[in-house]
Amino acid sequence: SPTNQAAAITTTTTTNNIASTSSATTAAGASRIAALQTHIQTMTNKGINVEHRMLPIGDALWVARPKKKSNNNIATATGTATGPTQQQQQREWVLDYVLERKSLADLVGSITGGRYESQCYVLRRCGLDTRFYLVEGEVDRMAKPTDQKMIRTKCAEMDVEGDFKLLCTINHQDTFRLYDRLTTAI
């Protein structure tokens, strides 16, 4: 077996979007980034290396690398850890897993803005068989009943169509715990 552990790599899409949002959202985004950095430190303490990368699709991928003496590899888009060396970058394999994460507000915006269908189209054709779609937030706490219905409908469609393995978390801390469990399982 060529690897010690799978590595998760997430994009900086969410971080980039924070700069263009309102100050209230920026504060929430800053809180999410701080929580992410704390989670990354926790993963690092477990012996998992964390990296920052831009991805062509999805918000997380898992990669495998050749074994090292006592080094497990995980990568995520934080910018807080050093990236792989050029030699390491050349010797890694994308595992058969991709994850798209959407907060409830992001998902509503993607659906109403028409991006949802095109994003799903690209993910379906990415060549990876295990496609996770993570919905983050509590639908029952959404202010608009029409948004609640829209989210429930899309989640039911994902579940029935089977193109994605639907995952749901209640907040970003729960999402980070899920990333940890997925990485351990993969």
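This is a predicted model, so every value here is computed, not measured.
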Between A143 and P145, the two heavy atoms sitting closest are O-CD, 3.5 Å
Reported CZ-to-CD distance for the pair R124 and Q119, which is rounded to 0.5 angstrom
11.5 Å
Would you give the length of the straight line joining atom CG of L166 to atom CD of E157, rounded to the nearest 0.5 angstrom?
11.5 Å
Rounded to the nearest 0.5 Å, how far apart are NZ of K149 and CD1 of I151?
13.5 Å
Evaluate side chain to side chain contact (heavy atoms under 4.5 Å, CB included) for L134 paired with C168, printing each intermediate quantity in order.
CA-CA 6 Å; L134 171 63; C168 299; 5.8 Å; no
Using side-chain heavy atoms (C-beta onward) and a distance below 4.5 Å, is F132 in contact with L182?
yes
How many angstroms lie between CD1 in I186 and OH in Y179, if you round to the nearest 0.5 Å?
11.0 Å
In the structure I gave you, are the side-chain heavy atoms of L104 and D147 within less than 4.5 Å of one another anywhere?
no
Note, M158 side chain near D163 side chain (heavy atom, < 4.5 Å)
no
Does the side chain of W93 come within less than 4.5 Å of V63's, by heavy atoms?
no
R125, CZ atom: more than 12 neighbouring heavy atoms under 6.0 Å
yes
Less than 4.0 angstrom from a charged side-chain N to a carboxylate O is my criterion; do R131 and E100 meet it?
no
Using the ring-ring contact (aromatic ring centres under 6.0 Å, His included) rule, collect all pairs that involve residues 140-164, keeping only residues at least two apart or in two chains.
Y133-F164
Taking the side chain as every heavy atom from C-beta outward, state whether D59 and V98 have any pair of such atoms under 4.5 Å apart.
no
Write out all pairs satisfying salt bridge (charged side-chain N to carboxylate O under 4.0 Å, His left out) with one or both partners inside residues 109-120, taking only residues at least two apart or from two chains.
E117-K154
Within the structure provided, determine whether D174 and N171 are in side-chain contact (heavy-atom separation under 4.5 Å).
yes
d(K144 NZ, M150 CE) to nearest 0.5 Å is 8.5 Å
With a 4.5 Å limit on heavy-atom distance, are the side chains of L167 and L178 in contact?
yes
When rounded to the nearest 0.5 Å, the distance separating CG of L128 from CG of L123 is 9.0 Å
Nearest heavy-atom contact between T175 and R101 is CG2-CD, 4.0 Å
Any side-chain heavy-atom pair from M142 and V108 closer than 4.5 angstrom?
yes
So if you build clusters from Ile, Leu, Val, Met, Phe, Trp, Tyr with side-chain heavy-atom gaps below 4.5 Å, do V122 and V135 land together?
yes
Which heavy atom of D96 sits nearest a heavy atom of G127, and at what distance?
OD1-O, 4.0 Å
Taking atom types as modelled and ignoring hydrogens, do the side chains of E136 and S103 form a donor-acceptor contact shorter than 3.5 angstrom?
no
